[in-house]
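Residue numbers begin at 1 in each chain, while the letters A, B, ... track the order of the sequences.
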Number of protein chains: 2
Amino acid sequence: MILAGELAAGEHLHEQALATRLGTSRGPVREAIRGLERIGLVVTVVNQGSYVRQVSEAEALELYEIRALLTGQSCAILARTVTPEQRRALRDLAQGMATAHEADDAAGYFALNRQFHEALLGFAGNARAARICGELGNELNLFRRRALSVAQNMRQSNAEHAAMLDAIEAGGPARARAAGERHIRGGKNRFTATRTISEAPDTGDLPQAGPNTARKQDQGRTTNGTIQEAPDPGGRRRPRAAERGGVRPS
Amino acid sequence: MILAGELAAGEHLHEQALATRLGTSRGPVREAIRGLERIGLVVTVVNQGSYVRQVSEAEALELYEIRALLTGQSCAILARTVTPEQRRALRDLAQGMATAHEADDAAGYFALNRQFHEALLGFAGNARAARICGELGNELNLFRRRALSVAQNMRQSNAEHAAMLDAIEAGGPARARAAGERHIRGGKNRFTATRTISEAPDTGDLPQAGPNTARKQDQGRTTNGTIQEAPDPGGRRRPRAAERGGVRPS
DNA sequence: GGACGACTCTTTGTTGACAGAAGACACGTT
DNA sequence: AACGTGTCTTCTGTCAACAAAGAGTCGTCC
């Protein structure tokens, strides 16, 4: 639900509501939340609840850097080890993305893009790196949402994919690595360029509190103590207040 | 408890026993297990329970590669951005490790080593990379345990730390990156060399079943479906059999 | 009129109990 | 004697209920 955008970034996770919605009880929901917390999709404040993680721009840039490294390394490895079947599979995925782009099928494009990167990392033989890269991509989706569905960006991304494959097939490890890193950093730049679009809080139908509602907040001590990040619920903590008066102007 | 070695790799996590031992009930234990599962310290099989993750040698090598990349990148960044305070902090940690090595203080050495790498990654400015690297180190500890407490290895590791710092301070990004990668790959080689030592199952006081006890095992379908790894409980699944007759020879 | 304090309500944290599943043991059959 | 089947026990998965803590609201006092 988080990745699908049904739960907005910063949104409070109401355990009972989720349980009834999923047709189960609070126990399984809590266990799931603990798992999401560990992979960084959710932040929990003791005695207050859990919130969908809000990725700051600085953090997003960090994630891009890690992905660039891992992707570049995978390309470098593939330049030496790629098999004809793998080449064909990657080319097919790239071709599929091109047609999806022409058909203006953003959803299909994203699915294929994910498969492409997953296959690339997987072929390189480091399953764990592939898993990490996928999780980082998930977190990035929390931030960028669909701000990247600009057609121009899709085309540019496709060109970079082709360059990566060319470098893998004929360029040698160093060039392949550079192409891989360039692609991710290109995505990073596209993200930075279109960031202002998603800057507007797009919480959909949720009532939105003002940016400086007085709140105790306790400086966000999380249960595992790793990410001391202010949850900033964004909307209401107690539904009652929002439903009755809406935003309380300080 | 896993990192401290109280729970051996492959050991079954008995929820009720853990709950009573920790003075709580099964709910919080289950939530904690879900978190550990997400970061890869625990593997769960449905309707069978959770086991401390067993890291295969191939996986361990993968983890080393990822750490090498991240560490090398951090060194490259630090070569351009390191401040005098950071240099001093890293030098102090390296010096502390040297004295710990001379004093044969393996525990102190490991603690300092962890701090050193944490500080290195942290100074490089990518908090997430630091976190990932730390988690990977935790997982590696599942495997290598204390096979690396050989004095010779400590000395070699110290020399590599010094080389990293030298390269960061005077060598430029490329040399610093190479030094960082060389250190982690050196650890990888030391791990491979001493691997046979830890190969002997060191489960301590646990009764150990024979290597080929017939078991259904269901090929280990996990709850999240990511790591299809055979749990291989290693010891007993039901205490009764082991307590009554011990190992049943086929 | 504004600020402080008590009260109430909602939500989380935790517990105990129940149902289902899976393995182990014992018995009967081939 | 070996194999298959039935039963039993144990453990996990899930649920409903209780206790505690925090936040909002209302009343009172300065």
Going by the rule salt bridge (Lys or Arg N to Asp or Glu O under 4.0 Å), which residues pair with Glu135(A) if we only count those two or more places apart in sequence or in a different chain? Arg131(A)
What is the distance, to the nearest angstrom, from the CG atom on Asn47(B) to the P atom on dG23(C)? 9 Å
Write down the distance between NE2 (His12(B)) and P (dC11(D)), rounded to a whole number of angstrom. 9 Å
Please tabulate the protein-to-nucleotide N/O contacts below 3.5 Å involving nucleotides 14-17 of chain D, giving atom names and distances.
| residue | atom | partner | partner atom | Å |
| --- | --- | --- | --- | --- |
| dC15(D) | OP2 | Thr24(A) | OG1 | 2.6 |
| dC15(D) | OP2 | Ser25(A) | N | 2.8 |
| dC15(D) | OP2 | Ser25(A) | OG | 3.2 |

Rounded distance in Å - CD (Glu15(A)) to C1' (dT12(C)): 6 Å
To the nearest Å, how far apart are Gln16(A) CD and dT14(C) C1'? 15 Å
Checking all strands, does Ile33(B) fall into the base, sugar-phosphate, or nothing category for heavy-atom contacts under 4.0 angstrom? nothing
Arg34(B) CZ to dG13(D) C1': how many Å, rounded? 9 Å
Can you measure His14(B) atom NE2 to dA22(C) atom P for me and round it to whole angstrom units? 17 Å
Do NZ/NE/NH1/NH2 and the carboxylate oxygens of Arg30(A) and Glu15(A) come within less than 4.0 Å? yes
Please list all pairs passing the salt bridge (charged side-chain N to carboxylate O under 4.0 Å, His left out) test where one or both residues lie in residues 111-124 of chain A, with sequence neighbours left out. none
Less than 3.5 Å apart, any donor N or O on the side chain of Gln54(A) or Tyr51(A) sitting next to an acceptor on the other? no
Is it true that Lys188(B) and Glu65(B) have a side-chain N and a carboxylate O under 4.0 angstrom from each other? yes
